[in-house]
Amino acid sequence: RRPGRQLVRGYKATRVAAGHAPGSPEWLRLMTASKVSAVLGVSPWESPFGLWHRMNGTLEAEPGNDETARGNYHEAGVLAWFKDQHPELRVRANSVLWQSKRNPRYAATPDGIALEGKQRAGIEIKTSAYESWDEGIPVHYRVQCVWQAHVIGLDRIYVAALTKNLRHVEHVLEYDAEEGDWIEAQVQGFLDSLDTGQAPPIDGHAATTKAIKKLHPQIDPTEVEISPSDFFDIAAAKEEADLAEERLAAVKNELAAFMGNAERAVCDGQRVAARRSRNGGTPYLQLASGLPEATQIATQIANNPEVKTA
């Protein structure tokens, strides 16, 4: 057995006690849970294209920011809250990385492990100031949980989160092998693309835009010729964006007129917009951050006939 490694009976992964710090070259070679959400295209912060170039070494790893620092600071407190809610569980924090015994490139770093008899579970701690947790675990966190369970061999994942207005919430994800195998297939395809040097398609994610800027930081006094079909795509997309911008301006004006002098607009307790003023100037309308997708709202209306639609 190599130094620093410990085999855990019954688990599908090996604990690695040292190395692999986030952002290190060793860590970038592994497929950890946070990367999985980017591979599947559901991460708000990273895109498949940006992640590919970071794992390929053509872009440097992103440094930590205020949000990641906040999560690190609050993790111990949220874990303590979870432990208080579950006296039936033996809860311990986890600070090591686990690598799959089947494929050492598959890795997981749960924030904690919970034991109840012979049943084992992972614990994920999140601080989430914007996402709504009322409908369950947000999808980009959910796929992370499935990956943790899949790699380590856990029956379930508890997710404890500190959300908007400093509210604690808890959700439980029961591991589904079929879902785990599907995610593994997508992950393996991504890793294979790294081995063959085939980057993912370019998309409209903000992280892709940022990655392209970093990949091409210079401006050379040259020009490139694009095809007529590419020219058409650009013109059509610009036209669609202009129409969408005009539509958004119209519905905001309708809302502002309906609000009158009111400060806030809400729907079923959720903030939709607020009227602001800079230094006592003319008020303007600002939509709330983290608004749900229109399809979610349509589903809520369909499931609740008493919801007012006008």
Would you say the side chain of E245 lies within less than 4.5 Å of the side chain of L243, judging by non-hydrogen atoms? no
side-chain contact (heavy atoms from CB on, under 4.5 Å), paired with Y106, selected from Q188, Q99, H150: Q188
Quick one: does any side-chain atom of T196 pair with a main-chain N or O of D192 as donor and acceptor, under 3.5 Å? yes
Is there a donor-acceptor contact under 3.5 Å from the side chain of D203 to the main chain of H205? yes
Heavy-atom check, side chain of R54 versus side chain of E60, under 4.5 Å: no
So, do Q144 and V36 sit near enough that their side-chain heavy atoms are less than 4.5 Å apart? no
Quick test of your reading of the model: are K35 and E46 salt-bridged, counting only N-O distances below 4.0 Å? no
Restricting to non-hydrogen atoms, name the atom on P48 and the atom on P200 that form the minimum distance, rounded to 0.1 Å. O-CG, 3.6 Å
Mind checking whether L89 and L115 have side chains closer than 4.5 Å, heavy atoms only? no
When you group the ILVMFWY residues by side-chain heavy-atom contacts below 4.5 Å and let the links chain together, are W182 and V151 in the same group? yes
Hey, any chance W81 and V91 share a hydrophobic cluster, counting ILVMFWY side chains that come within less than 4.5 Å of each other, even indirectly? yes
Is there a side-chain contact between L285 and L255 (heavy atoms, below 4.5 Å)? yes
May I ask you to say whether R275 pairs ionically with E263, meaning some side-chain N is under 4.0 Å from a carboxylate O? no
If you look at every heavy atom in Q148 and L154, which pair is closest and at what distance? O-CD1, 4.3 Å
Determine, for E240 against K238, whether the closest basic-nitrogen to carboxylate-oxygen distance falls under 4.0 angstrom. no
So L215 and L59, do their side chains get closer than 4.5 Å, heavy atoms only? yes
Before you tell me yes or no, could you show the steps for K252 and Q286 under side chain to side chain donor-acceptor pair (under 3.5 Å), namely the whole-Å CA-CA distance, both residues' side-chain angles and the distance that decides it to 0.1 Å? CA-CA 9 Å; K252 288 176 68 175; Q286 184 178 52; over 6 Å; no
Of all heavy-atom pairs between L30 and P104, which one has the smallest distance, and what is that distance? CD2-O, 3.3 Å
With hydrophobic residues grouped by side-chain heavy-atom distances under 4.5 Å, do L166 and L79 end up in a single group? yes
Side chains of I157 and V159 in contact at under 4.5 Å (non-hydrogen atoms): yes
Inspect the contact between D195 and R105 and indicate whether a charged nitrogen and a carboxylate oxygen are less than 4.0 angstrom apart. yes
Derivation of the side chain to side chain donor-acceptor pair (under 3.5 Å) call for S100 and N103: CA-CA 5 Å; S100 169; N103 187 333; over 6 Å; no
State, to 0.1 Å, how close D111 and E75 come at their nearest heavy-atom pair, and which atoms those are. OD1-OE1, 3.4 Å
Is the backbone of V96 close enough, under 3.5 Å, to the side chain of N94 for a donor and an acceptor to pair up by distance? yes
V172 and I125: same hydrophobic cluster, using ILVMFWY side-chain contacts below 4.5 Å? yes
Distance to the ring centre below 6.0 angstrom and angle to the axis at most 45 degrees; does that hold for R278 and Y284? yes
Look at the side chain of W147 and the backbone N and O of M31, then say whether any donor-acceptor pair between them is shorter than 3.5 Å. yes
Determine whether the aromatic ring centres of H86 and Y158 lie less than 6.0 Å apart. yes
Can any side-chain N or O of R247 pair as donor or acceptor with the backbone N or O of D242 at less than 3.5 Å? no
With side chains defined as the heavy atoms from C-beta onward, is the minimum distance between K210 and K213 less than 4.5 Å? no
Checking side chain to side chain donor-acceptor pair (under 3.5 Å) for the pair S43/H140: CA distance, chi angles, key distance, verdict? CA-CA 5 Å; S43 171; H140 52 286; over 6 Å; no
Measuring centre to centre across the rings, with the benzene-like ring taken for any Trp, is W133 within less than 6.0 Å of Y141? yes
Under the criterion side chain to side chain donor-acceptor pair (under 3.5 Å), I'd like the reasoning laid out for W52 against S193: C-alpha separation, chi angles, the key distance, then a yes or no. CA-CA 9 Å; W52 191 93; S193 75; 3.1 Å; yes
Regarding H53 and T58, do their side chains bring together a donor and an acceptor under 3.5 Å, going by distance alone? yes
Using the rule that two of Ile, Leu, Val, Met, Phe, Trp, Tyr join whenever any of their side-chain heavy atoms come within less than 4.5 Å, decide whether I123 and Y175 are in one cluster. no
Check whether any side-chain N or O of D230 sits under 3.5 Å from a backbone N or O of I226 as a donor-acceptor pair, and report yes or no. no
